[in-house]
Q: 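Below is a structure I'd like to ask you about.
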Amino acid sequence: VSEGAGPEDDATERLLFTVLRRFEALALSRYERDAPALATAAKRALVAALDERARGDAALEASELGRPVEALLATLREGGPTSTLLVQGFVLERLGRAIYAVVAGDARSGPAARALAESGLRASEQAAAAAGRLLEEGGFTGAALYDALSRTARPALARLDALGEGVDAAFAERYRLRFADLMGELAADLIEAGLALGLERRKLVCFLAGALMGR
Amino acid sequence: LETPTTEAARPADAAFRRASLERLIGLAVFGERVAAKIYAVMARLSSDHAAILRRFAAMEGQHSAWFVEAAQANGIEPDREFADRELGYLLEQVERYEAERSVESLAVLQGFIVESLAIATYEPFLSIADRYPGTRDAFARALEEERYHVEWVTRYLRLRFFDAEAEFLALAEKVNIQGIDCIGGTMMNIADHLDAIGLSGADCAGAMMDGYAALLERVGIERRLAAKSVVGLFMPLIHKYRRGERAK
């Protein structure tokens with residue numbers, strides 16, 4: 001329980017860490033299977049800490065985030081090794097990073113929550129960087145990266161929109177964590193990472209726009 | 001058709017395609033007239049640049065006349081009601097900035113945001129223009145002149161906010177909130193119509209987002225911040241699109 005937080009705030013915090021635990025646990029299991037370099041000690045420690053913090057899925061099941069989170073998780077379970085590297089490692093680690101950065105930087109987060117978010121931030125940065133390196137080593141640069149991204153990431157990106165209202169309802173007031181801002185961070189970060197791997201910026205932005213529009 | 005169509009019920013029939021053409025050409029015809037009005041307002045407010053801004057106003061008026069001729073050549077009646085509904089919100093903002101005598105706000109709104117929509121749709125239209133006799137030349141010339149306007153506005157804003165990037169960031173943030181809501185909203189409202197005539201509404205939306213972010217960069221806003229801001233402002237519009245709601 002965060003210092004100074006009331007019961008309502010604790011429920012918000014538990015919901016946030018429950019959502020993160022579900023995605024981080026899935027990411028770790030996929031990394032262990034498909035991309036061991038991303039299954040870092042920091043990621044393992046993060047999942048263990050989130051497990052302890054969330055204490056089950058009850059908070060998520062009772063929330064309006066429950067269904068869209070389950071739908072996105074189901075989509076993420078479908079891909080193979082390339083999908084793991086691209087969707088989990090290259091794309092969604094950046095979304096996690098954006099979330100952890102907000103919570104870690106918000107003075108209203110309790111000390112324990114801030115420490116956990118800082119761990120998450122570091123783990124996501126490491127995993128995203130490792131994914132970028134593996135993509136480059138595997139020849140996924142430029143047009144090849146664009147082709148793979150547009151083949152694998154579209155379904156997951158299309159499902160993100162359904163999380164928007166639930167994220168804002170649950171976390172905007174407490175953490176100033178707003179879905180539109182998170183997506184702006186994700187896009188900006190992806191553009192930088194994509195440019196570093198030779199992606200054409202215009203093509204990447206058009207792909208993101210189309211995927212988010214459900215095309 | 002009062003709302004954008006949902007994925008489940010996006011019609012591709014001839015009637016929808018016809019309505020899409022009428023709406024898109026209506027938006028082009030009447031949007032260019034609004035652009036002419038905005039540059040004329042800017043000319044009245046800016047004695048230093050009145051001559052060139054009046055010339056821009058005349059060029060925008062000419063674009064509208066070309067588009068009317070192109071529509072007539074194809075037997076298309078521009079949908080004024082649709083255009084008025086899309087442009088009303090823009091005109092409200094223009095009136096407010098005129099009352100504030102803020103040429104800079106009008107420059108960002110017209111020279112960057114509105115022109116980004118025009119360029120993001122006119123440019124890909126050229127790939128299908130030959131399906132519509134008489135349109136290629138009109139849209140190619142208009143596109144070239146819109147780019148010229150953007151170039152001038154970019155130089156104007158760079159000089160006006162030289163060594164004052166923070167001031168420009170504050171201005172852009174102020175204009176963006178309603179400007180993107182309005183013009184980005186129009187982009188979402190026409191996305192299905194762009195699809196219906198053989199373009200990609202999603203690619204046009206992406207081109208507008210990227211084009212506008214690039215313009216902000218050219219005036220001094222850091223690349224990451226520009227992308228974050230523009231994408232973030234588009235997200236509520238994309239959400240409405242996904243729900244089949246009009247963006248404004």
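To find a chain, count down the sequence lines: A is the first, B the second, and so on, and within it residues start at 1.
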Q: Highest number of heavy-atom pairs under 4.5 Å with chain B: which of Leu212(A), Ile191(A), Leu182(A), Asp161(A)?
A: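 With the most close heavy-atom pairs to chain B, the winner is Asp161(A).
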Q: Would Glu167(B) and Arg160(B) pass as an ion pair if we require N to O under 4.0 Å?
A: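 So Glu167(B) pairs with Arg160(B) through a salt bridge.
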Q: Going by the ring-ring contact (aromatic ring centres under 6.0 Å, His included) test, name the single residue among Phe112(B), Phe56(B), Tyr156(B) that passes it with His149(B).
A: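 Checked Phe112(B), Phe56(B), Tyr156(B) against His149(B); only one passes ring-ring contact (aromatic ring centres under 6.0 Å, His included): Phe56(B).
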Q: Could you look at Phe207(A) and say if it's the side chain, the backbone, both or neither that has a heavy atom under 4.5 Å from chain B?
A: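 No part of it gets close to chain B.
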Q: Only one of Thr154(B), Leu157(B), Asn176(B) passes side-chain contact (heavy atoms from CB on, under 4.5 Å) with Leu216(B); say which it is.
A: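 Result: among Thr154(B), Leu157(B), Asn176(B), Asn176(B) is the only option passing the side-chain contact (heavy atoms from CB on, under 4.5 Å) with Leu216(B).
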Q: Determine, using ring centers only, whether Tyr241(B) and Phe234(B) are less than 6.0 Å apart.
A: no
Q: Taking every heavy-atom pair that is under 4.5 Å apart, which of Met208(B), Met209(B), His239(B) has the most such pairs with chain A?
A: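 Of Met208(B), Met209(B), His239(B), His239(B) has the most heavy-atom pairs under 4.5 Å with chain A.
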Q: Heavy-atom pairs under 4.5 Å with chain B: which of Leu186(A), Val205(A), Asp181(A), Leu204(A) has the most?
A: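 Result: the option with the highest number of such pairs is Val205(A).
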Q: Can you tell which part of Leu160(A) gets under 4.5 Å to a heavy atom of chain B, answering side chain, backbone, both or neither?
A: neither
Q: Assess the pair Tyr148(B) and Trp152(B): is the distance between their ring centroids shorter than 6.0 Å?
A: no
Q: Between Met183(A), Lys203(A), Glu185(A), which has the largest tally of heavy atom pairs under 4.5 Å with chain B?
A: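 Most pairs with chain B among the choices: Glu185(A).
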Q: Where on Ala213(B) is there a heavy atom nearer than 4.5 Å to chain A: the side chain, the backbone, both, or neither?
A: both
Q: Looking at every heavy atom in both Ala211(A) and Arg242(B), which two are closest together, and how far apart are they?
A: O-NH1, 4.2 Å
Q: So which residue, Ala188(A), Ala162(A), Gly210(A), Ala209(A), ends up with the most heavy-atom pairs under 4.5 Å with chain B?
A: Ala188(A)
